[in-house]
Number of protein chains: 2
Amino acid sequence: MSSGATELGRLLMAAHRAFTQQGRARFGEYGLSPARVRLLTVLHRSPDSRMRDLADALGVSGRAITSVVDALESDGLVERKPDAGDRRAFRLTLTDAGLSAIDRIADLQHRISEEIFSGMSAEDRSDLARLLRAYLDTTRDSDAERPA
Amino acid sequence: MSSGATELGRLLMAAHRAFTQQGRARFGEYGLSPARVRLLTVLHRSPDSRMRDLADALGVSGRAITSVVDALESDGLVERKPDAGDRRAFRLTLTDAGLSAIDRIADLQHRISEEIFSGMSAEDRSDLARLLRAYLDTTRDSDAERPA
DNA sequence: TATTGTTATACTCTATAACTATA
DNA sequence: TATAGTTATAGAGTATAACAATA
């Protein structure tokens, strides 16, 4: 079954596309693009992160972080604050509006996901989640081996 | 377990990201961006498509198709040919170089997928493929109900 | 010297709107 | 009138490279 893996890749791409095309419009109503949602989510999990660390966590260039943070800051969702121990760096914090955005994101993710996965049985959903987690674990390992 | 669906959405996003970040660089070496790969693949499955039909199949605007086709045509991978029955329209065909690109795409997808999913057992991989297919079936149904 | 974050610049992908040529 | 595809224009997201300030 040598084409199994190829098929998996295609399925993963197709599933992602189906999922995001449903969600993009809903998030867009609140000015929440995928890149902004990802940065806010990571920042919420790791408060007071430096921009450099966010770039690493998100797997993008430092330049990309500047753009997204500029946009989020001008929308009042995050704030740059000087790093006490390193005057080159900024610490990012979520404003109250940013925390509200986090709530809205969680709510939207919940509702959209419920809608979108409602056609699958509970068992299939939990199996799918388990297998995706297993996949992510293996890629994280191979990433570590391949620091490039 | 009301957060199961939310978790699934996040996992799907993360898995897609892990997958594409591995593949993007490899495809990029051949000038094959995601949008170009998708168009070539759809065109290969539906030869002599009109641009309008490609836009619908890919779920993007007509404008986006013009850009991608311009790029592919200037790289010599596709050709615009007049539609015999409708002088407003073009039929797209893959050139020999385009067919070679299709072969390269298949080969790369195969190799990358093998690498990336090699950490999972054969059983987990086939289960994951089955569940992704099940998910895609349900979204295709709900798309049909929601022609928007 | 190395690192943090910025500015400068450019590319891909996408969108809407106005337009031309046809249907 | 409606449709196929284009040009004009714009915006998000990303990248590399050169730079400033700091480590």
Side-chain angles (χ1 to χ4, degrees), chain A residues 13 16-17 20-21 23-25 27-40 42-43 48-75 77-92 148, chain B residues 13 16-17 20-21 23-43 48-75 77-92 148:
Chain A
M13 298 284 282
H16 170 263
R17 212 167 166 84
T20 55
Q21 287 197 342
R24 201 172 292 246
F27 277 97
E29 292 167 16
Y30 299 94
L32 291 170
S33 66
R36 291 178 195 192
V37 167
R38 290 203 311 129
L39 194 150
L40 290 173
V42 169
L43 181 57
D48 290 314
S49 292
R50 294 182 318 156
M51 295 178 68
R52 176 71 277 179
D53 295 330
L54 285 175
D56 292 340
L58 295 169
V60 299
S61 69
R63 178 67 187 84
I65 294 299
T66 297
S67 296
V68 179
V69 169
D70 283 350
L72 289 173
E73 193 165 34
S74 88
D75 282 355
L77 302 186
V78 306
E79 273 179 1
R80 284 174 171 95
K81 299 197 171 172
D83 183 306
D86 184 340
R87 287 194 295 178
R88 296 170 304 180
F90 288 111
R91 298 275 170 181
L92 292 182
Chain B
M13 299 283 283
H16 169 264
R17 210 163 168 86
T20 53
Q21 286 195 342
R24 201 172 291 246
R26 304 273 291 274
F27 278 97
E29 293 167 16
Y30 298 95
L32 291 169
S33 67
R36 291 180 196 191
V37 167
R38 290 202 313 129
L39 194 150
L40 289 173
T41 303
V42 169
L43 180 57
D48 290 314
S49 291
R50 293 182 319 154
M51 296 179 67
R52 176 73 281 194
D53 296 330
L54 285 175
D56 292 339
L58 295 169
V60 300
S61 69
R63 179 64 187 85
I65 294 300
T66 297
S67 297
V68 180
V69 169
D70 282 350
L72 289 172
E73 191 165 35
S74 88
D75 282 355
L77 302 186
V78 307
E79 274 180 1
R80 284 176 171 93
K81 300 199 171 171
D83 183 305
D86 184 339
R87 287 193 297 177
R88 297 170 303 180
F90 288 109
R91 298 275 170 182
L92 293 182

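Quick note: numbers below take in every heavy atom, side chains included, and nothing from hydrogens, waters or symmetry partners. In what follows, chains carry the letters A, B, and so on, assigned in the order in which the sequence lines appear, proteins first and then strands, with residues in each chain numbered from 1. Bear in mind the structure is a predicted one, so any value in this text is a computation, not a measurement.
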Task: d(CG, A:Asp48; P, C:dT4) in whole Å - done: 17 Å
Task: Closest approach of B:Leu43 to B:Ser49 (non-hydrogen atoms, all atoms of both residues) - done: CD1-N, 4.0 Å
- [ ] Rounded off to whole Å, could you give me the CG-to-P distance for the B:Asp70 and D:dA8 pair?
- [x] 12 Å
Task: Separation of atom CG in A:Asp56 from atom C1' in D:dT14, rounded to whole Å - done: 16 Å
- [ ] Kindly say whether B:Glu73 contributes a backbone atom to a donor-acceptor pair with the side chain of B:Glu79 at under 3.5 angstrom?
- [x] no
- [ ] Give a yes/no answer on whether the side chain of B:Ser33 brings an N or O atom under 4.0 Å of OP1 or OP2 in C:dT12.
- [x] no
Open item on the list: When you measure from the side-chain N and O atoms of B:Ser61 to the phosphate of C:dT14, is any distance below 4.0 Å, counting only OP1 and OP2?
Closed with: no
Open item on the list: In whole Å, I'd like the distance from the CZ atom of A:Phe90 to the P atom of D:dA21.
Closed with: 13 Å
TODO: Could you state the atom-to-atom distance from CG of A:Leu39 to C1' of D:dG13 in whole Å?
DONE: 13 Å
TODO: Classify the nucleic acid contact of B:Arg80 as base, sugar-phosphate or nothing, counting any heavy atom under 4.0 Å across all strands shown.
DONE: sugar-phosphate
- [ ] Under 4.0 Å between any heavy atoms, over every strand shown, what does A:Arg87 touch: base, sugar-phosphate, or nothing? Just pick one.
- [x] sugar-phosphate
Open item on the list: With nearest nucleotide decided by heavy atoms, which residue, A:Ala89 or A:Arg63, maps closer to the 5′ end of DNA chain C?
Closed with: A:Ala89
TODO: Can you figure out which of C:dT4, C:dA21, C:dC13 approaches the side chain of B:Arg88 most closely?
DONE: C:dA21
TODO: Just call it for B:Asp83: base, sugar-phosphate, or nothing, with non-hydrogen atoms closer than 4.0 Å on any strand.
DONE: nothing
Task: Nearest-Å distance for atom pair CG/P, residues A:Leu54 and C:dT4 - done: 13 Å
Open item on the list: Measuring from the side chain of A:Asp86 (C-beta onward, heavy atoms only), which nucleotide among C:dT14, D:dT22, C:dT22 has the closest atom?
Closed with: D:dT22
Task: Option among A:Asp48, A:Asp86, A:Asp53, A:Asp83 that satisfies the side-chain hydrogen bond (donor to acceptor under 3.5 Å, both in side chains) test with A:Arg91 - done: A:Asp83
Open item on the list: Just the rounded figure in Å: distance from C1' of D:dG5 to CG of B:Leu92.
Closed with: 11 Å
Open item on the list: So, OP1 or OP2 of C:dG5: does either fall under 4.0 Å of a side-chain N or O from A:Arg50?
Closed with: no
- [ ] Compare the minimum distances between each of C:dT22, C:dT14, C:dG5 and the side chain of B:Ala64, then state the nucleotide with the smallest one.
- [x] C:dT14
TODO: Working to the nearest 0.5 Å, report the span between CG of A:Leu39 and CG of A:Leu77.
DONE: 10.5 Å
Open item on the list: Nearest whole Å is fine: how far is C:dT12 C1' from B:Asp75 CG?
Closed with: 13 Å
Task: Options C:dA15, C:dT12, C:dT6, nucleotide nearest the side-chain atoms of B:Arg36 - done: C:dT12
Open item on the list: How close do A:Val60 and A:Arg52 get, counting heavy atoms only, and between which atoms?
Closed with: O-NH2, 4.3 Å
Task: 5'-most by nearest nucleotide on DNA chain D - B:Arg91 or A:Gly62 - done: B:Arg91
